[in-house]
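The structure appears below as structure tokens.
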Amino acid sequence: MHCHRPVHLRFSFTLTVSDTSMDEAVVNLITVQALSAVKGQIQSQSQSPLYRRCCPAGWIKNEIKKKECCFYVEDGREGICKCGYPKDKHCEDPIKPEDYVGEQWDRHRHTKEAPTDAFGDISFGGLGQKTGKYVRVSSDTPCEILYQLMTDCWKLRSPNLLISVTGGAKNFNIKPLLKEKFRRGLIKVAQTTGAWILTGGTHTGVMKHVGMAVRDYTLSSGLTEGQIVVIGVAPWGVIHKQEDLINPKGNLPVQYSLDEQGQGLLSCLDINHTHFLLVDDGTRDYGVEIELRARLEKHISQQSLGNRGSGVTIPVVCVVLDGGPGTLNTMYNVMLNHTPCVVLEGSGRVADVIAKVADLPVSEVTLDLIKQLMERFFGQEYKEFTEVKVIEWTKKIQDIIRMSHLLTVFHIDEDKNSDVDVAILQALLKVPKSDEHAARQSLERQLELAVAWNRVDIAESEIFTEEIQWTSCDLHPAMFSALVGDKPEFVRLLLENGVCVGKFLESEDMLCELYAHLPSCFFLRKLATRVQGGKICRGQEPQPGSTKISLSHVAEEVRHLLGSFTQPLYVPSRVCVFSSLFVVVSQVLSKGLVNPTCSDEERTTDKVWDSIRDLFLWAVVQNNPELAEISWEQCRDCIAAALAASKILRKLAQESGEDDSEEAKDMRELASHYENQAIGVFSECHSWDAQRAQKLLIRVSPSWGRSTCLWLALKAEAKSFIAHSGVQALLTQIWFGELSVDNAPWKVLLCMIFFPLIYTSFLTFSLFTSPQVKFYWNIASYFGFLWLFAVVLMIDFQAYPSWRELLLYVWLTSLVCEELRQFYHDFDGPGFRKKAKMYISDMWNILDVLSIILFIVGLVCRLQASGTVFYVGKVILCIDFIIFCLRLMAIFTISRTLGPKIIILRRMVGFLSCERHKRSQIFLDLLKGASSL
């Protein structure tokens, strides 16, 4: 997608001229209306999020304004206007004040807005080549525009927390221990919660301390582009070297360097901030950004938090260090707006005054006490305060103390390792005890915040306490947020504190919502393709929550991954599960171990069958090992669940088409992990009771499409699991059927020849129901067919078929019927194309079809009267006999001696044929190259 593409405008109007004397006013009116329509269409297109993301420069120039003085009046200094800018910084119009004769200069009336001329990327150079974003904005800019600027143009993720840091604007020193705790805690809370940090943006005072914290984190983590978002809201007029920031097109990054020695009364931008909003009211005064910053904080606090409309908004907390009169006013106003404040004791001045009286009753906070504290912490600066000012401070401090649920004081305690991050989060989790209903709502909001911040420690210490009782329904919104937000530690914590998965997934809507919010993964792409009928192009990533998914779509896709031998997991079906393996296993089932018929209990569309299974499956298909492990530990049929997960993951890795991709590798690793988990659980069961453990392998699992562990292991190609001694013992038992395993093979063969021996004690258990005996009879029958075929070809191939040859035809007809049975015998009944694909995937089936076709061709030629054609028919039948003999290798693959050698030989032939093809291709390429020369 090209970011800068032309905007196509469509407008039309028809003008019918009846005579040449058309009134010029009518023409002008129509032209004005047409231009208004065009302007409206431009504005509507510029408001779209796609336009903001793809063409940020164009959107900024249309929506973001600056302010400039339009009435030049000297303020007593030669060449300096009352706005603070020199005369040469004004355009020509303001220098001619004819329109304002007799008026006093006023910042509101005598400033005007114009398109901003300073925005784009800012590079600070130095170590790591730090870069950021900046824009010059009017002080009257709507906060909606600024929020769109940050989230759409700057592509910042919406915050889970807004930390507004305020305090001393001048440089001040704090104790090394407090400095370390503040810097470490601020970065930790921003990193773990995904917070935005909002400061004044200049390289002085508290803003400098925040910038140094970000710098330390960037250097220690080795990141040139930090993950911490620090937004500076600074006044444009007092920025040093603001001419370097002028960038009308915003297409090239501007270079900005720190110059503290040459800044004078101005301020430099802090080079460790990531984004800057430079507020312009047309003057060069300090404090012009305070009102806009307050409005922006309020607007951000009204935005919703999380994935769904839970009613929880983005929390805001104010952190106070040091500070003077402006800091006290800011703190007082934000607390009136119900914003919690964290005051750092030991940082100086206002912060220390409030920290000393925070735990006192309001009646003890007297005027004399405040005077003593101000004189102690302000020093010489206290002399500048008037009596009226001190009284005003006392009243505001008393009001702040009355709002104790919004005030948190961080005390330095060397015995504890708590940092400022704990104090900041605890400030947002204070619950007023007055109203029980309000307290419960506040607790639920705090839990949502803790999940959004991914702070399990805060939830354990502040939310899940012995005094607070939680029900499963109360925790469901937090459970959804933790699952969708990939917070496995929180999922485990919620399960430990009362979440019932059965109630959580009681409705299908919740499960559909989880699948709709799957993170970007291969399964989501397959699911979106199925939902939209294959209309998604390769490489196109569906956005989480953008696709309407039903459980029928999930069931179809999961059944495709598991295999057609399973029943749909979420659709009612009365189709029983059969397979060629079950034909053999039924010999064991007939003894009463398992009832193979379908149960009347079925999954309906309004009830989830197995909620733990559903949660585990949801985690497996997105290849999330942590969430999958938590769910698997809760599964009732954990062996079948592990084998099913292994099958699904291997199928997803195979279909991804990118064997070397990280996603495919992770899926194969997770598949192997769950195969090992299945082995571990089965080994533990087998060590306790081998017989009952073997029953687990052939037990029909209703949670996994009425399949069995043995069949899932075979389909998943879980060779390590199948090689387990317990599984091998079961397969041996199935192979011998009702025969005792202790019977020697020569005894079985002898009883097959001399039938009366089966009625004696020569053999243990029945003979003819054993799969082993059936296999021996099949071998004997096939050798008999080959013997008859050889006799007919060598000594009984006459002009007219003899009875031996006719018997051979009947025998071959039985083989044809067997191949047709294998082709059409499918318990799930897929289409003809799928059956054909499954049939020809086996090399032995291809050999069978070839031998039958050659036999039919030879038979047709053999029945011709012509001697030549008759002879050709015999040659074809001789070749066919050789192919039938080669078919014997399939029988001998089960032999411990011959089987491995046959497999090695087949692979070697395939490898040699591939190598010969490659050499032939290289030779042809060389010939082409030589011919071109």
Side-chain angles (χ1 to χ4, degrees), residues 132-133 143 146-147 150-151 154-167 181-201 206-207 209-218 221 223 225-233 270 272-277 293-294 296-307 312-321 334 339-342 344 406 408 410 418-430 445-459 462 481-482 485-487 490:
K133 302 279 188 181
C143 294
L146 295 179
Y147 192 70
M150 292 185 286
T151 56
W154 289 350
K155 297 180 176 59
L156 294 178
R157 294 183 59 182
S158 298
N160 295 322
L161 171 65
L162 181 64
I163 304 173
S164 178
V165 183
T166 187
K181 287 181 175 290
F182 168 70
R183 293 182 180 181
R184 185 171 59 217
L186 183 66
I187 295 302
K188 184 177 180 181
V189 71
Q191 187 180 19
T192 57
T193 64
W196 288 359
I197 302 175
L198 211 63
T199 75
V206 67
M207 296 82 74
H209 284 287
V210 173
M212 298 296 285
V214 176
R215 184 204 63 179
D216 294 344
Y217 166 75
T218 303
S221 61
L223 299 176
E225 296 292 335
Q227 300 173 349
I228 309 301
V229 177
V230 187
I231 303 173
V233 184
D270 185 76
N272 295 301
H273 282 54
T274 60
H275 301 80
F276 294 93
L277 296 175
R293 177 176 171 178
L296 179 61
E297 292 176 359
K298 183 177 181 180
H299 177 77
I300 294 175
S301 68
Q302 295 172 348
Q303 305 305 308
S304 60
L305 174 73
N307 299 286
V312 179
T313 56
I314 298 173
V316 181
V317 63
C318 180
V319 180
V320 180
L321 286 83
V334 298
T339 299
C341 286
V342 177
L344 271 66
L406 296 175
T408 301
F410 177 77
S418 60
D419 291 329
V420 179
D421 64 310
V422 178
I424 292 174
L425 299 181
Q426 286 178 341
L428 291 162
L429 300 180
K430 284 189 175 181
R445 178 178 181 273
Q446 291 165 12
L447 181 57
E448 282 283 347
L449 293 178
V451 174
W453 302 333
N454 197 21
R455 292 300 296 264
V456 178
D457 55 335
I458 298 295
E462 301 294 331
S481 300
D486 189 17
K487 299 177 174 65
F490 243 108

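Rounded to the nearest 0.5 angstrom, Ser301 OG and Leu296 CG are separated by 9.5 Å. For the atom pair Leu162 CG and Thr193 OG1, the distance stands at 10.5 Å (nearest 0.5 Å). The distance from the CG atom of Leu186 to the CG atom of Leu344 is 9.5 Å, given to the nearest 0.5 Å. Remark: Leu447 CG to Phe490 CZ distance equals 6.0 Å, nearest 0.5 Å. Put simply, OG1 on Thr313 and CD1 on Ile300 are 12.0 Å apart, with the number rounded to the nearest 0.5 Å. Taken from CZ in Phe182 to CE in Met212, the straight-line distance is 12.5 Å, to the nearest 0.5 Å.
Residues passing the salt bridge (charged side-chain N to carboxylate O under 4.0 Å, His left out) test with Lys133 are Asp121, sequence neighbours excluded. For Ser158, the side chain to side chain donor-acceptor pair (under 3.5 Å) partners at least two apart in sequence or on another chain are Tyr147. Remark: Gln302 pairs with no residue by the side chain to side chain donor-acceptor pair (under 3.5 Å) rule, at least two apart or across chains. Applying the salt bridge (charged side-chain N to carboxylate O under 4.0 Å, His left out) test to Arg445 and every residue at least two apart in sequence or in another chain returns nothing. Residues that satisfy the side chain to side chain donor-acceptor pair (under 3.5 Å) test with Thr408, not counting sequence neighbours, are Lys430. Applying the side chain to side chain donor-acceptor pair (under 3.5 Å) criterion to Ser164, with sequence neighbours excluded, gives Arg293, Glu297. The salt bridge (charged side-chain N to carboxylate O under 4.0 Å, His left out) check on Glu462 picks up nothing, with sequence neighbours excluded. Under the rule for a salt bridge (charged side-chain N to carboxylate O under 4.0 Å, His left out), the partners of Asp216 that lie at least two apart in sequence or sit in another chain are Arg183.
Residues Val451 and Ala482 come closest through the heavy atom pair CG1-N, 3.7 Å. Residues Leu428 and Pro340 share a closest heavy-atom pair of CD2-CG, 3.4 Å. Of all non-hydrogen atoms in Cys318 and Thr166, the two that sit nearest each other are SG-CG2, 3.6 Å. Minimum heavy-atom separation, Glu448 to Ser481: OE1-OG, 3.3 Å. The two residues Val317 and Ile424 make their nearest non-hydrogen contact at CG1-CG2, 3.6 Å. Looking at every heavy atom in both residues, Pro315 comes nearest to Leu305 through CD-CD2, 4.3 Å.
Side-chain atoms of Val230 and Asp270, non-hydrogen and from C-beta on, never get closer than 4.5 Å to each other. Residues Trp196 and His275 are not in side-chain contact: their nearest non-hydrogen atoms beyond the backbone lie 4.5 Å or more apart. By the 4.5 Å heavy-atom criterion applied to side chains, Leu161 and Leu425 are counted as neighbours. For the pair Ile163/Val319, a side-chain contact is recorded, criterion being any heavy-atom separation below 4.5 Å from C-beta on. Ile458 has its side chain within reach of Val422: a pair of non-hydrogen atoms, C-beta onward, lies under 4.5 Å apart.
Residue pairs satisfying the salt bridge (Lys or Arg N to Asp or Glu O under 4.0 Å) criterion with at least one member in residues 185-197, sequence neighbours excluded, are listed as follows: Lys188-Asp421. Evaluation of the salt bridge (Lys or Arg N to Asp or Glu O under 4.0 Å) test over residues 189-201, restricted to residues two or more places apart or in two chains, returns none.
No donor-acceptor pair under 3.5 Å is formed between the side chain of Asn454 and the backbone N or O of Thr192. Proximity of a side-chain donor or acceptor of Thr274 to a complementary backbone N or O of Val229 within less than 3.5 Å is not detected. In terms of modelled atom types and a separation under 3.5 Å, the side chain of Trp453 and the main chain of Val189 share no donor-acceptor contact.
The side-chain contact (heavy atoms from CB on, under 4.5 Å) test with His273 singles out one residue from Val214, Ile228, Ile231, Thr199, and that residue is Thr199.
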